[in-house]
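Below is one structure, written out as structure tokens; comments come after it.
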Amino acid sequence: MSQRSSFFQDVYEVVMLIPEGRVTSYGAIGKYLGMPSSARMVGWAMNASHTLPKVPAHRVVNRVGVLTGKHFFETPSRMQELLEAENIKVDNDQIQRFEYFFWDPVKELP
DNA sequence: GATGTGACTGACC
DNA sequence: TGGTCAGCCACAT
């Protein structure tokens, strides 16, 4: 919303709006920002999200529900722990019942 | 100013 | 049925 920031800021805001116990995908965020084909950029934005500790990057996974970015956390297991702490089942670095936990900003946000 | 890279996605072989 | 290829845009060097 702020001009001073790039779409990175928008990504952060969307991620921070993810309800507890829910997850979303890079493509969903990109789609919400008007770049459904630039899911890569969303992931790239998450890489910079480390500057904002308030961004629950652990709630962002790829479209299959795999914790692709877990390796970017302090510890690879940290991402799974955070998800399990929110009652989200994770097995073999993949979210179980991903559809059930999936949170689409395009649908949930106005 | 150009080139390379990336936490993805969808389509093709 | 599964693996591989190319496209996508913004940021860093």
Side-chain angles (χ1 to χ4, degrees):
Chain A
M1 302 297 275
S2 301
Q3 297 178 337
R4 56 179 173 156
S5 298
S6 58
F7 97 116
F8 271 45
Q9 184 63 41
D10 292 337
V11 174
Y12 302 144
E13 299 219 359
V14 175
V15 175
M16 285 188 287
L17 287 174
I18 300 174
E20 212 173 281
R22 300 285 181 182
V23 293
T24 190
S25 67
Y26 305 93
I29 296 172
K31 186 175 182 180
Y32 179 74
L33 297 178
M35 303 189 210
S37 304
S38 302
R40 282 179 154 187
M41 275 293 80
V42 180
W44 189 250
M46 300 315 306
N47 187 6
S49 72
H50 282 251
T51 59
L52 301 178
K54 297 298 181 186
V55 180
H58 64 275
R59 292 179 187 155
V60 185
V61 297
N62 68 2
R63 72 176 190 90
V64 194
V66 179
L67 312 185
T68 50
K70 67 172 184 178
H71 198 264
F72 282 62
F73 281 73
E74 301 175 56
T75 61
S77 59
R78 186 61 178 276
M79 191 172 185
Q80 181 172 338
E81 288 183 16
L82 291 170
L83 289 172
E84 289 182 343
E86 297 186 0
N87 201 25
I88 297 176
K89 308 294 198 285
V90 179
D91 182 45
N92 194 16
D93 299 334
Q94 184 170 9
I95 295 176
Q96 303 301 301
R97 299 170 63 188
F98 180 60
E99 287 184 345
Y100 179 76
F101 295 113
F102 184 72
W103 179 81
D104 190 348
V106 179
K107 293 181 181 178
E108 304 297 335
L109 294 179

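Every heavy atom of this structure was used, including side-chain atoms; hydrogens, water molecules and symmetry mates were not. Chain letters run A, B, ... following the sequence lines, proteins first and then strands; every chain starts at 1.
Between A:D10 atom CG and A:I29 atom CD1 the span is 11.0 Å, to the nearest 0.5 Å. Put simply, CD on A:E99 and CZ on A:R97 are 11.0 Å apart, with the number rounded to the nearest 0.5 Å.
Side chain of A:R63 to main chain of A:G27: no donor-acceptor pair is present (N/O by atom type, distance under 3.5 Å, no hydrogens or angles).
Legend: side chain to side chain donor-acceptor pair (under 3.5 Å) pairs involving residues 31-41 of chain A, not counting sequence neighbours: none detected. Annotation: side chain to side chain donor-acceptor pair (under 3.5 Å) contacts involving residues 74-85 of chain A, sequence neighbours excluded, comprise A:E74-A:R78, A:Q80-A:E84. Sorted by first and then second residue, the ring pair (Phe, Tyr, Trp, His ring centres under 6.0 Å) pairs involving residues 59-78 of chain A (not counting sequence neighbours) form an empty list.
Contacts between residues 74-95 of chain A and DNA chain B, counted as heavy-atom distances below 4.0 Å, involve no residue at all. Residues from residues 17-31 of chain A that place a heavy atom under 4.0 Å from any atom of DNA chain B, listed by number: A:S25, A:Y26, A:G27. Listed by residue number, the members of residues 39-62 of chain A with any heavy atom below 4.0 angstrom from DNA chain C are A:R40, A:M41, A:W44.
At a threshold of 4.5 Å between non-hydrogen side-chain atoms, the residues A:M79 and A:V61 count as touching. The closest side-chain heavy-atom distance from A:L83 to A:L67 is below 4.5 Å.
In DNA chain B, runs of at least 3 consecutive Watson-Crick or G-U pairs, each pair with both distances below 3.5 Å, span B:2-6 with C:9-13, B:8-13 with C:2-7.
When all heavy atoms of A:F98 and A:N62 are compared, the pair lying nearest together is CZ-O, 3.8 Å.
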Would you list the atom pairs, donor with acceptor, under 3.5 Å between side chains in residues 101-109 of chain A and any protein atom, with sequence neighbours excluded?
from: A:D104; atom 1: OD1; to: A:V106; atom 2: N; distance (Å): 3.0

Please tabulate, for the side chains in residues 51-58 of chain A, all donor-acceptor contacts under 3.5 angstrom to protein atoms that are two or more places apart in sequence or on a different chain.
from: A:T51; atom 1: OG1; to: A:A48; atom 2: O; distance (Å): 2.8
from: A:H58; atom 1: NE2; to: A:E86; atom 2: OE2; distance (Å): 3.3

Report task. In sequence, state the C-alpha distance, the side-chain angles, and the governing distance for A:V15 and A:M46, and then conclude on side-chain contact (heavy atoms from CB on, under 4.5 Å). Result -> CA-CA 9 Å; A:V15 175; A:M46 300 315 306; 3.9 Å; yes
Query - A:W44/A:N47 under side-chain contact (heavy atoms from CB on, under 4.5 Å): CA gap, chis, key distance, verdict - result: CA-CA 5 Å; A:W44 189 250; A:N47 187 6; 3.8 Å; yes
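A chain of hydrophobic side-chain contacts below 4.5 Å, direct or via other Ile, Leu, Val, Met, Phe, Trp or Tyr residues, connects A:M35 to A:Y12. Cluster annotation: A:V23 is not connected to A:Y26 through the hydrophobic network of ILVMFWY side chains, with a link wherever side-chain heavy atoms come within less than 4.5 Å. Hydrophobic clustering (side-chain heavy atoms under 4.5 Å, transitive across Ile, Leu, Val, Met, Phe, Trp, Tyr) groups A:F7 together with A:M16.
When DNA chain C is scanned 5' to 3' for any atom under 4.0 Å from a heavy atom of chain A, the first and last hits are C:dG7 to C:dC11. Along DNA chain B, read 5' to 3', the first and last nucleotides having any atom under 4.0 Å from a heavy atom of chain A are B:dG6 to B:dG10.
Clustering of Ile, Leu, Val, Met, Phe, Trp and Tyr by side-chain heavy atoms under 4.5 Å joins A:V66 with A:V64.
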